[in-house]
Amino acid sequence: MNISIDILNGNGNVEGMGTYESGTPVSIIITPSPGFDVKHVTIKDGDKEPVQVEKSAMINLDDDGAIGFDITTGAEDMIVGVYFYVSIESYLQTKTSIDVSRFLQGIRTDRNIEYGADVDSIGDIDKKLCEADLYMCLSSLPTTRTAAKDADGGWSHQGEGITVSLSDKQGFIARAMAVYKKYDPEKYEEVEQSMQYKKTIVEYSYSRPSDSKEIIAEFY
(Lines give C-alpha, C1' and ligand atoms only; values in the text may rest on other atoms or scores of the structure.)
Protein backbone atom coordinates (compact mmCIF):
# COMPACT_ATOMS: atom_id res chain seq x y z
CA MET A 1 0.00 0.00 0.00
CA ASN A 2 1.06 3.63 -0.53
CA ILE A 3 1.05 6.67 1.74
CA SER A 4 0.81 9.93 -0.18
CA ILE A 5 1.00 13.49 1.14
CA ASP A 6 -1.38 16.30 0.21
CA ILE A 7 -0.64 19.89 1.30
CA LEU A 8 -4.14 21.30 1.79
CA ASN A 9 -3.05 24.86 2.61
CA GLY A 10 0.11 26.87 3.26
CA ASN A 11 3.70 25.69 3.08
CA GLY A 12 5.84 23.14 4.86
CA ASN A 13 7.61 19.82 4.60
CA VAL A 14 6.02 16.43 5.38
CA GLU A 15 7.95 13.17 5.74
CA GLY A 16 6.46 9.69 5.63
CA MET A 17 5.38 9.26 2.02
CA GLY A 18 6.22 5.86 0.54
CA THR A 19 5.25 2.26 -0.11
CA TYR A 20 4.76 -0.02 2.91
CA GLU A 21 3.55 -3.45 3.88
CA SER A 22 0.13 -3.61 5.54
CA GLY A 23 0.39 -3.30 9.32
CA THR A 24 3.59 -1.22 9.26
CA PRO A 25 3.94 1.60 11.83
CA VAL A 26 4.88 4.83 10.03
CA SER A 27 5.99 8.13 11.56
CA ILE A 28 4.62 11.25 9.88
CA ILE A 29 6.90 14.23 10.56
CA ILE A 30 5.69 17.73 9.69
CA THR A 31 7.88 20.84 9.61
CA PRO A 32 6.12 24.13 8.80
CA SER A 33 7.89 26.71 6.66
CA PRO A 34 8.90 29.94 8.46
CA GLY A 35 5.82 31.97 9.33
CA PHE A 36 3.47 28.97 9.15
CA ASP A 37 2.02 26.59 11.74
CA VAL A 38 0.08 23.33 11.59
CA LYS A 39 -3.66 23.55 12.14
CA HIS A 40 -4.68 19.94 11.58
CA VAL A 41 -4.11 16.80 9.53
CA THR A 42 -6.63 14.61 7.71
CA ILE A 43 -6.05 10.90 7.16
CA LYS A 44 -7.99 9.17 4.39
CA ASP A 45 -7.75 5.37 4.50
CA GLY A 46 -9.03 3.94 1.23
CA ASP A 47 -12.73 4.66 0.74
CA LYS A 48 -13.36 5.49 4.39
CA GLU A 49 -14.32 8.98 5.52
CA PRO A 50 -11.24 11.13 6.34
CA VAL A 51 -10.26 11.33 10.00
CA GLN A 52 -9.08 14.73 11.28
CA VAL A 53 -6.16 14.90 13.71
CA GLU A 54 -5.68 18.17 15.60
CA LYS A 55 -2.25 19.56 16.33
CA SER A 56 -2.84 19.08 20.06
CA ALA A 57 -2.80 15.31 19.49
CA MET A 58 0.67 15.42 17.90
CA ILE A 59 4.12 15.36 19.51
CA ASN A 60 6.53 18.31 19.43
CA LEU A 61 9.83 17.07 18.06
CA ASP A 62 12.17 20.07 18.18
CA ASP A 63 12.41 23.83 18.72
CA ASP A 64 12.01 24.53 14.97
CA GLY A 65 8.31 23.65 15.06
CA ALA A 66 8.52 20.07 13.76
CA ILE A 67 5.73 17.84 15.04
CA GLY A 68 4.82 14.23 14.41
CA PHE A 69 2.48 11.32 14.96
CA ASP A 70 2.40 7.62 14.10
CA ILE A 71 -0.04 5.70 11.93
CA THR A 72 -0.31 2.02 11.12
CA THR A 73 -0.87 1.10 7.50
CA GLY A 74 -3.89 -0.90 6.42
CA ALA A 75 -4.73 -2.78 3.26
CA GLU A 76 -5.75 0.34 1.32
CA ASP A 77 -3.73 3.34 0.18
CA MET A 78 -3.71 6.28 2.59
CA ILE A 79 -3.63 10.02 1.94
CA VAL A 80 -2.29 12.33 4.66
CA GLY A 81 -3.51 15.89 4.15
CA VAL A 82 -1.77 18.67 6.04
CA TYR A 83 -3.30 22.09 6.65
CA PHE A 84 -0.70 24.78 7.33
CA TYR A 85 -1.78 28.27 8.29
CA VAL A 86 -0.46 31.69 9.32
CA SER A 87 -1.20 32.69 12.92
CA ILE A 88 -2.01 36.27 13.92
CA GLU A 89 1.33 36.36 15.73
CA SER A 90 3.30 35.37 12.62
CA TYR A 91 1.24 37.75 10.48
CA LEU A 92 2.04 40.74 12.67
CA GLN A 93 5.72 39.81 12.83
CA THR A 94 5.91 40.12 9.02
CA LYS A 95 5.09 43.83 9.35
CA THR A 96 8.52 44.72 10.77
CA SER A 97 12.05 43.42 11.23
CA ILE A 98 11.84 44.19 14.95
CA ASP A 99 10.96 41.34 17.30
CA VAL A 100 7.39 42.17 18.35
CA SER A 101 6.71 39.18 20.62
CA ARG A 102 6.57 41.43 23.70
CA PHE A 103 3.56 43.28 22.28
CA LEU A 104 1.44 40.42 20.93
CA GLN A 105 -0.38 39.32 24.07
CA GLY A 106 -1.60 42.84 24.76
CA ILE A 107 -2.78 43.30 21.18
CA ARG A 108 -4.65 39.99 21.18
CA THR A 109 -6.27 40.74 24.54
CA ASP A 110 -7.42 44.23 23.52
CA ARG A 111 -8.93 42.88 20.29
CA ASN A 112 -10.38 39.69 21.83
CA ILE A 113 -8.37 37.42 19.56
CA GLU A 114 -7.29 33.97 20.71
CA TYR A 115 -3.66 32.91 20.87
CA GLY A 116 -2.56 31.31 17.59
CA ALA A 117 -5.72 32.36 15.73
CA ASP A 118 -5.69 31.67 11.99
CA VAL A 119 -5.25 35.05 10.33
CA ASP A 120 -7.66 33.98 7.56
CA SER A 121 -10.39 33.62 10.19
CA ILE A 122 -9.95 37.23 11.33
CA GLY A 123 -11.86 39.94 9.51
CA ASP A 124 -9.99 42.49 7.42
CA ILE A 125 -10.92 45.37 9.73
CA ASP A 126 -9.73 43.51 12.83
CA LYS A 127 -6.46 42.68 11.07
CA LYS A 128 -5.96 46.34 10.18
CA LEU A 129 -6.68 47.36 13.78
CA CYS A 130 -4.18 44.80 15.08
CA GLU A 131 -1.59 46.25 12.71
CA ALA A 132 -2.41 49.75 13.95
CA ASP A 133 -2.02 48.60 17.56
CA LEU A 134 1.36 47.11 16.65
CA TYR A 135 2.50 50.38 15.07
CA MET A 136 1.55 52.26 18.21
CA CYS A 137 3.54 49.75 20.27
CA LEU A 138 6.55 50.23 18.00
CA SER A 139 6.25 53.98 18.40
CA SER A 140 6.79 53.50 22.15
CA LEU A 141 10.27 52.02 21.69
CA PRO A 142 13.29 54.12 22.76
CA THR A 143 14.38 56.81 20.34
CA THR A 144 17.81 57.32 18.84
CA ARG A 145 18.63 60.69 17.35
CA THR A 146 22.03 59.93 15.84
CA ALA A 147 22.39 60.06 12.06
CA ALA A 148 24.11 56.67 11.96
CA LYS A 149 21.21 54.96 13.66
CA ASP A 150 18.61 56.80 11.59
CA ALA A 151 20.27 55.55 8.42
CA ASP A 152 20.22 51.95 9.59
CA GLY A 153 16.80 51.05 8.21
CA GLY A 154 15.06 53.03 10.93
CA TRP A 155 16.03 50.73 13.79
CA SER A 156 19.06 49.20 15.44
CA HIS A 157 20.21 47.02 18.27
CA GLN A 158 21.87 48.56 21.30
CA GLY A 159 22.99 45.80 23.60
CA GLU A 160 19.83 43.98 24.57
CA GLY A 161 17.54 46.83 23.53
CA ILE A 162 16.16 48.18 20.27
CA THR A 163 15.92 51.79 19.22
CA VAL A 164 13.97 53.39 16.38
CA SER A 165 14.49 56.71 14.67
CA LEU A 166 12.26 59.67 15.48
CA SER A 167 11.08 59.83 11.85
CA ASP A 168 10.07 56.16 11.93
CA LYS A 169 8.19 56.67 15.19
CA GLN A 170 6.24 59.46 13.56
CA GLY A 171 5.56 57.18 10.60
CA PHE A 172 4.29 54.40 12.88
CA ILE A 173 1.92 56.81 14.60
CA ALA A 174 0.67 58.24 11.31
CA ARG A 175 -0.15 54.78 9.95
CA ALA A 176 -1.89 53.75 13.16
CA MET A 177 -3.92 56.94 13.36
CA ALA A 178 -5.12 56.61 9.76
CA VAL A 179 -6.54 53.18 10.60
CA TYR A 180 -8.05 54.29 13.93
CA LYS A 181 -9.71 57.30 12.34
CA LYS A 182 -11.46 55.06 9.81
CA TYR A 183 -12.28 51.98 11.88
CA ASP A 184 -11.98 52.84 15.59
CA PRO A 185 -12.89 56.51 16.26
CA GLU A 186 -12.86 55.96 20.02
CA LYS A 187 -9.26 54.75 19.93
CA TYR A 188 -8.40 57.62 17.60
CA GLU A 189 -9.70 60.17 20.10
CA GLU A 190 -7.90 58.44 22.97
CA VAL A 191 -4.55 58.54 21.18
CA GLU A 192 -5.14 62.08 19.92
CA GLN A 193 -5.74 63.33 23.47
CA SER A 194 -2.68 61.49 24.76
CA MET A 195 -0.50 63.01 22.04
CA GLN A 196 -1.86 66.48 22.78
CA TYR A 197 -0.98 66.05 26.45
CA LYS A 198 2.56 65.00 25.57
CA LYS A 199 2.88 67.96 23.22
CA THR A 200 1.88 70.29 26.07
CA ILE A 201 4.56 68.80 28.33
CA VAL A 202 7.21 69.22 25.63
CA GLU A 203 6.22 72.83 25.01
CA TYR A 204 6.42 73.50 28.75
CA SER A 205 9.90 71.94 28.92
CA TYR A 206 11.08 74.27 26.15
CA SER A 207 9.83 77.27 28.11
CA ARG A 208 12.16 76.45 31.00
CA PRO A 209 15.86 77.42 31.06
CA SER A 210 16.86 73.82 31.68
CA ASP A 211 14.98 72.39 28.72
CA SER A 212 16.71 69.61 26.85
CA LYS A 213 16.15 67.29 23.93
CA GLU A 214 16.42 64.33 26.26
CA ILE A 215 13.06 65.26 27.78
CA ILE A 216 11.44 65.54 24.37
CA ALA A 217 12.81 62.22 23.20
CA GLU A 218 11.05 60.49 26.09
CA PHE A 219 7.68 61.51 24.67
CA TYR A 220 8.22 60.22 21.13
Residues at least two apart in sequence or cross-chain that pass side chain to side chain contact (heavy atoms under 4.5 Å, CB included) with Glu54, listed by chain then number, are His40, Gln52, Ser56

Quick check against the 3.5 Å criterion: does Thr72 have a side-chain atom that pairs as donor or acceptor with the backbone of Thr24? no

Besides Leu61, the hydrophobic cluster formed by Ile, Leu, Val, Met, Phe, Trp and Tyr side chains linked at under 4.5 Å, directly or via other members, contains Ile29, Ile59

Self-check item: Sidechain N-carboxylate O distance under 4.0 Å for Lys187, Glu190
Solution: yes

- prompt: Is it true that atom NZ of Lys181 has more than 12 heavy atoms of other residues, nucleotides or ligands lying nearer than 6.0 Å?
  reply: no

Short side-chain to backbone donor-acceptor contact, Asn9 and Phe84, under 3.5 Å: yes

- Criterion side chain to side chain donor-acceptor pair (under 3.5 Å) on Asn13 and Thr31, from CA distance to verdict: CA-CA 5 Å; Asn13 182 61; Thr31 305; 5.0 Å; no

Sorted by chain and number, sequence neighbours left out, salt bridge (Lys or Arg N to Asp or Glu O under 4.0 Å) with Asp6 holds for none

message = Set out, in order, the CA-CA distance, both residues' side-chain angles and the distance that settles side chain to side chain donor-acceptor pair (under 3.5 Å) for Asn2 and Thr19, then state yes or no.
response = CA-CA 4 Å; Asn2 296 313; Thr19 301; 2.6 Å; yes

List the steps and the verdict of side-chain contact (heavy atoms from CB on, under 4.5 Å) for Tyr135 and Ile173.
-> CA-CA 6 Å; Tyr135 292 139; Ile173 293 172; over 6 Å; no

_Chi angles and distances behind the side-chain contact (heavy atoms from CB on, under 4.5 Å) call for Lys44, Glu49_ = CA-CA 6 Å; Lys44 191 174 190 318; Glu49 287 295 314; over 6 Å; no

key: Side-chain ion pair, Arg108 and Glu89, N-O less than 4.0 Å   = yes

TODO: Could you tell me whether the side chain of Gln93 and the main chain of Val100 form a donor-acceptor pair under 3.5 Å?
DONE: yes

**Asked** Checking side chain to side chain donor-acceptor pair (under 3.5 Å) for the pair Tyr180/Glu192: CA distance, chi angles, key distance, verdict?
**Response** CA-CA 10 Å; Tyr180 291 150; Glu192 182 80 3; over 6 Å; no

Subject >> Sidechain N-carboxylate O distance under 4.0 Å for Asp184, Arg111 >> reply: yes

